[in-house]
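What you see is a predicted model; the values in this text were computed from it and never measured. Every chain is numbered from 1, with letters handed out A, B, ... down the list of sequences.
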There are 2 protein chains.
Amino acid sequence: MGNKRLTVREIAEIANVSIATVSRVSRGTGQVSPETRERVLKVIEEHGYRPSQMGRALAEQRHGSVAIVFPGLAGPYFSEVIQGFEFEALEAGASVHIVGTHGRAAADEDVLAMSARVDGIAVHGGTIQEETLRRLAAEVPVVVLAGQPLEGIPAVRADNSRVAELTRHLLLDHGYRRLTFVGNPDGSPDVTERWEAFKQGHREARVPAPKNPVRIGMQQSDGVIAAGELLDGRRPPGAIVCANDETALGVLIGALGRGLRVPEDVAITGFDDVAMSSLVQPGLTTIRQPIRELGAVTARLLLSGVGNPGALMNTVLTTELVLRGSCGCR
Amino acid sequence: MGNKRLTVREIAEIANVSIATVSRVSRGTGQVSPETRERVLKVIEEHGYRPSQMGRALAEQRHGSVAIVFPGLAGPYFSEVIQGFEFEALEAGASVHIVGTHGRAAADEDVLAMSARVDGIAVHGGTIQEETLRRLAAEVPVVVLAGQPLEGIPAVRADNSRVAELTRHLLLDHGYRRLTFVGNPDGSPDVTERWEAFKQGHREARVPAPKNPVRIGMQQSDGVIAAGELLDGRRPPGAIVCANDETALGVLIGALGRGLRVPEDVAITGFDDVAMSSLVQPGLTTIRQPIRELGAVTARLLLSGVGNPGALMNTVLTTELVLRGSCGCR
DNA sequence: TTGTAAGCGTTATCAA
DNA sequence: TTGATAACGCTTACAA
């Protein structure tokens, strides 16, 4: 392994041409006579020559790779965002660095350091501080994913306000009282907006909203734990509005595990519409956002040049209310 | 954004020293007088100078990054492997490329192309063909993660044979008959070994093993679907041994959703011991493998030089049977 | 202790 | 159509 790689110069020597010609042939640019091209191509083939990425990067002044930064990587949401992002990036010939900060103390530093190795960075909302984001944007093109645009930094996100519609549905169509919101508004812009929309929905329905959300993480296991706190108490809520499907599924599992009936004993809703949500019994009522598309649009924006005049600054993808059994429908 | 970056030469000029001195100061090598260091450091600080990764890579002849290749990224298993891997890599100053092949047709090509941009690649079992793996190893150091070592390519994996112990536990301690294995042995080396161990356990217990496994994917949603096929039939199995916790949790959710009791109506076991497994009702009996450690060990091996004499070729991490309620214990 | 200069492997501009 | 040759930004002998 690691057989010393051949360089342009060596290939040139073997093929009896100049390095310029080798370069032209290998990248298919410029004019080369058919015979020469043939000869060089053969040598390239025979020796399995691949131009060095390092040399190329330096000459072209571009890394040929982009990064996407997340708070964590667990769960189907992130996986799908990445799929959309990765697909577009590879399409454009750029490789992808994925960074999960996982609450690391040096996260902001790490992301800043990453700016020296890529042509652009997509940052998921709720991962690094605003100040860091600003400094980052001074170094490389940046796009915010699932967050607010900020001083020349464009954002791509989903329409979280639809949670208001969901909330009205629970309050008015089903007549539930005592709704609880599960999720940490300080954790990410998405959750902030969903919590706001939850309160907005209450206002529109003229029902007083709860003062505080139940602050937990975004994973299934967090939902299970929350279910314990919410459902073992004396006055469980009529409906639980979760910040995402993962936690909603956790709450659902917790509820079923306690022998409770959903939605008779408690209604549960989520956000995302991941695969599991249509498979569980009862099906999870949720808000569908185009997760893959979110990643894809972000990648395209990042790769098409962020500073461009006329570039989109605030792309909001539409969402859709999906009614299933867990809210009481059907 | 994208303010033209300063180069060593410019910093050198401003600080009134040579580029060599700037380099020495910025990387902290060689001898520099305190005053000079001070002065240069100040200029570096003031102008926010960061050495170009491209220039550095070319000069040092190393990319300063490694890659890890997975079939997919969904689920807590991958997330934790990555955390272990990423932590070690960052510790060593290398950034991490994560590649999810997601069943892409061009996956093998993509991985091969990646070899031009990194100093080493860790490949999870079941992602690319053996032939591709061999060609890859001819280009860069390679470590197989959760798979068999192959002609000079070292592997890091967990002891899957413990599934035999679990199987005996179900057959002999609990007296279940008609066990079913859920998972696709052709999908990954891990599952191959677990399926083999499942049959081995039957042999040791002198109970005939089922001829075929129920071939499904490794995600929770796959488990839910499998639950439908398995539990709606006329003769549901006494116990379902799943290839991993995710599918086991899916089966469990499917069973509970059908109003079945676990383990009374059907026992369920998994593999991994992810967070959810200890939280569900009943707790999931499973085999714990040190997932994070798996990623960390792989990274260390990759970064410490794979071809070295005396390098470990086959690291097998121990696993542990964890008995909870879903098998009938307690 | 500091500086000069030779790479590192490409791409791309001119000439020929 | 080809070939010299100058960048690209850094590290690192070797000299001073």
Would you please test A/R300 and A/E293 for salt bridge (charged side-chain N to carboxylate O under 4.0 Å, His left out) and show each step?
CA-CA 10 Å; A/R300 279 199 291 269; A/E293 191 67 10; 3.6 Å; yes
Length of the line joining [X]:[atom1] and [N]:[atom2], which is rounded to integer Å:
X: B/Q61; N: C/dA6; atom1: CD; atom2: P; answer: 19 Å
X: B/H63; N: C/dG9; atom1: NE2; atom2: C1'; answer: 11 Å
X: A/R27; N: C/dG9; atom1: CZ; atom2: P; answer: 18 Å
X: A/E13; N: D/dT2; atom1: CD; atom2: P; answer: 19 Å
X: B/I19; N: C/dT4; atom1: CD1; atom2: C1'; answer: 9 Å
X: A/L58; N: C/dG9; atom1: CG; atom2: P; answer: 12 Å
X: B/R5; N: D/dC10; atom1: CZ; atom2: C1'; answer: 13 Å
X: A/E60; N: C/dT13; atom1: CD; atom2: P; answer: 12 Å

Contact class for [X] vs. all strands (heavy atom < 4.0 Å): base, sugar-phosphate, or nothing?
X: A/T36; result: sugar-phosphate
X: A/V8; result: base
X: B/R62; result: nothing

List the steps and the verdict of salt bridge (charged side-chain N to carboxylate O under 4.0 Å, His left out) for A/E45 and A/K42.
CA-CA 5 Å; A/E45 188 75 15; A/K42 201 174 147 218; over 6 Å; no
Contact nearer the 5' end of DNA chain C, comparing A/M54 with B/Q31:
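Of the two residues, B/Q31 wins.
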Here's a test of your reading of the structure: between B/A59 and B/R39, which maps to the more 5' nucleotide of DNA chain C?
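Looking at DNA chain C, the more 5' nearest nucleotide goes with B/R39.
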So, does [X] get its side chain near the phosphate of [N], meaning an N or O under 4.0 Å from OP1 or OP2?
X: B/T21; N: C/dG3; answer: yes
X: B/S18; N: C/dG3; answer: yes
X: B/R56; N: D/dT11; answer: yes
X: A/S23; N: C/dT11; answer: yes

Search all heavy atoms of A/E86 against all heavy atoms of B/R104 and return the closest pair with its distance.
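So the minimum-distance heavy-atom pair works out to OE1-NH1, 4.2 Å.
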Would you name the heavy atoms of B/V81 and B/F70 that are closest together and state the gap between them?
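Smallest heavy-atom distance, with atoms named: CG1-CZ, 3.7 Å.
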Which residue lies toward the 5' end of DNA chain D, B/R9 or A/P34, if each is placed at its nearest nucleotide?
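This one resolves to A/P34.
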Is it the case that over 12 heavy atoms from other parts of the model lie below 6.0 angstrom from the CZ atom of A/R50?
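Correct, the count exceeds 12.
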May I have the step-by-step check of salt bridge (charged side-chain N to carboxylate O under 4.0 Å, His left out) for B/E130 and B/R134, ending in yes or no?
CA-CA 6 Å; B/E130 256 190 25; B/R134 258 187 283 265; 3.5 Å; yes
Any donor-acceptor pair under 3.5 Å between the side chain of B/R24 and the base of C/dG3?
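Such a pair is found, so the answer is yes.
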As a test of reading the structure: which of C/dG3, D/dC10, D/dT2 is closest to the side chain of B/Y49, going by heavy atoms?
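Among the listed nucleotides, the one closest to the side chain of B/Y49 is D/dC10.
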Selection from C/dT10, D/dG9, D/dT2 that lies nearest to any side-chain heavy atom of A/S33
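Output: D/dT2.
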